Amino acid sequence: MEIGLVGLGKMGANMRERLRAAGHTVVGYDHHPEVSDVDSLEAMVAQLSRPRVVWVMVPAGATTRAVITELATLLDEGDVVVDGGNSRWTDDAVSAQTLAERGIGFVDCGVSGGVWGRTNGYALMCGGTAEDVAKVQPAFDALKPEGEFGFVHAGKVGAGHFAKMVHNGIEYGVMQAYAEGYELLEATDIVDNVTDVFRSWREGTVIRSWLLDLLVSALEEDQRLEKIRGYADDSGEGRWTVEAAIENAVPMPAIAAALFARFASRQDDSPAMKAIAAMRNQFGGHAVHPDAHSVRPDTEAP
């Protein structure tokens, strides 16, 4: 199939390469001309055959809204726009309505896989009509991991981003549990090698997971995580998950506590937050904040 791809950052660029490796034609546009295939959204649309499919991978909020608003003026009836960014699910109805006024379809798609997705595939959770999803299905099939799992048509517009939001909330809780276990093991002189303990859990235990693998990888690079601060950002989806839980009277103590722990990390350095920051860097390429104590005096900024 032919597909336009808007946004060629860490995720978008890798998705372009995975799609091309599967034999699809991808016309990519980014505001950085050195990575773009064309110099404008209009030029991108002009190179696609109808019905056109355009996948948007830009920051959520105002940037996504601006791109979708512009695409509404460039695309035609029967075309489809996919929002593959981390948009809040409540924004999807607005995007769908903006496009529907021109007869353009809309699919929201939560994407998980981080910097490893190009090789391993991306977990995809989409929302929209069956007709619109079918137009994008060849791209979904190329982007998902090999095998039976990794893709779901979760429901109507908004369902994809809602499912991804809950996924990320669960991710918060799981990472927090690993991080607290790491801190307790490091706080005593009972265990000789904490990294070896975590490494041993990678097989045969009920808590084995890819996040555990990534934490072990981070510890192998920096056994006491001394090169980074215990400061962990949040992308917003953890907050949205807790807000949705409140709105629906769903008790969510573990995920809420994990979110609040990230807030606490911005006040005091914490070994647990070092582990969170390290795992986020390993699976998503998220930036880490260097530990001020690990910077040599002659390299410090004036």
Side-chain angles (χ1 to χ4, degrees), residues 11 59-61 85-90 110-117 122-123 125 154 160-188 194-195 197-198 201-202 205-219 222 224-289 291:
M11 291 277 283
N86 283 329
S87 294
R88 186 165 182 159
W89 68 277
T90 50
V111 180
S112 182
V115 296
W116 299 91
Y122 301 88
M125 297 144 266
H161 281 144
F162 191 88
K164 177 58 162 49
M165 177 190 74
V166 175
H167 165 282
N168 281 25
I170 294 169
E171 180 184 291
Y172 274 51
V174 173
M175 287 197 292
Q176 185 66 25
Y178 283 137
E180 291 174 5
Y182 164 78
E183 182 168 5
L184 179 57
L185 287 167
E186 281 285 3
T188 73
V194 174
T195 301
V197 171
F198 275 93
W201 292 346
R202 295 176 66 181
T205 71
V206 296
I207 63 167
R208 61 190 184 273
S209 73
W210 188 40
L211 283 173
L212 177 61
D213 294 341
L214 296 174
L215 178 55
V216 170
S217 179
L219 290 172
D222 181 8
R224 294 187 179 274
L225 302 178
E226 295 172 333
K227 298 178 182 178
I228 57 176
R229 286 177 55 200
Y231 182 114
D233 290 310
D234 69 285
S235 61
E237 290 179 290
R239 302 185 190 207
W240 303 340
T241 305
V242 173
E243 289 171 3
I246 294 169
E247 291 169 2
N248 292 279
V250 174
M252 196 168 277
I255 293 173
L259 173 64
F260 295 150
R262 293 199 183 187
F263 297 162
S265 80
R266 299 162 203 177
Q267 299 169 346
D268 300 296
D269 209 22
S270 160
M273 286 302 122
K274 286 175 178 273
I276 293 285
M279 283 186 281
R280 292 181 83 242
N281 176 256
Q282 288 288 318
F283 74 73
H286 300 290
V288 295
H289 301 264
D291 190 328

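In what follows, every heavy atom counts, from backbone to side chain, and hydrogens, waters and symmetry copies are set aside. All of these numbers come straight from a predicted model, not from anything done at the bench.
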Next item on the list: Quick one: closest heavy-atom pair of Asn86 and Lys164, and the distance?
Entry: OD1-NZ, 3.5 Å

Checklist line | Test side chain to side chain contact (heavy atoms under 4.5 Å, CB included) applied to Gln282 and Asp213, step by step | finding: CA-CA 10 Å; Gln282 288 288 318; Asp213 294 341; over 6 Å; no

Next item on the list: Can you tell me which residue pairs pass the salt bridge (Lys or Arg N to Asp or Glu O under 4.0 Å) test with a partner in residues 250-264, sequence neighbours excluded?
Entry: none

Margin query: Quick check on Trp116: does its CH2 atom have over 12 non-hydrogen neighbours (other residues, nucleotides or ligands) under 6.0 Å away?
Written below: no

Notebook entry, point to check: Closest approach of Lys274 and Arg229, non-hydrogen atoms and distance?
Noted result: CG-C, 3.8 Å

Item checked: Contacts of Glu171 that satisfy side chain to side chain donor-acceptor pair (under 3.5 Å) - sequence neighbours left out -> none

Atom pairs and distances, donor-acceptor, side-chain atoms in residues 177-184, under 3.5 Å, two or more places apart:
| unit_1 | atom_1 | unit_2 | atom_2 | d |
| --- | --- | --- | --- | --- |
| Tyr178 | OH | Ile207 | O | 2.4 |
| Tyr178 | OH | Ser209 | OG | 2.8 |
| Glu180 | OE2 | Gln176 | NE2 | 2.9 |

Next item on the list: Quick one: list whatever passes ring pair (Phe, Tyr, Trp, His ring centres under 6.0 Å) with Tyr172, sequence neighbours left out.
Entry: none

Next item on the list: Output all residues satisfying side chain to side chain donor-acceptor pair (under 3.5 Å) with Arg239, sequence neighbours left out; order by chain, then residue number.
Entry: Asp234

Next item on the list: Would you name the heavy atoms of His161 and Gly110 that are closest together and state the gap between them?
Entry: CD2-N, 3.9 Å

Notebook entry, point to check: What are the two closest heavy atoms between Ser112 and Met125, and how far apart are they?
Noted result: CB-CE, 4.4 Å

Got a list of side-chain donor-acceptor pairs under 3.5 Å for residues 240-261, not counting sequence neighbours?
| unit_1 | atom_1 | unit_2 | atom_2 | d |
| --- | --- | --- | --- | --- |
| Thr241 | OG1 | Met165 | O | 2.9 |
| Thr241 | OG1 | Glu237 | O | 2.7 |
| Glu243 | OE1 | Arg88 | NH1 | 3.1 |
| Glu243 | OE1 | Arg88 | NH2 | 2.7 |
| Asn248 | ND2 | Ala244 | O | 2.8 |

Next item on the list: Please report the closest heavy-atom contact between Phe283 and Leu214, naming both atoms and the distance.
Entry: CB-CD1, 3.1 Å

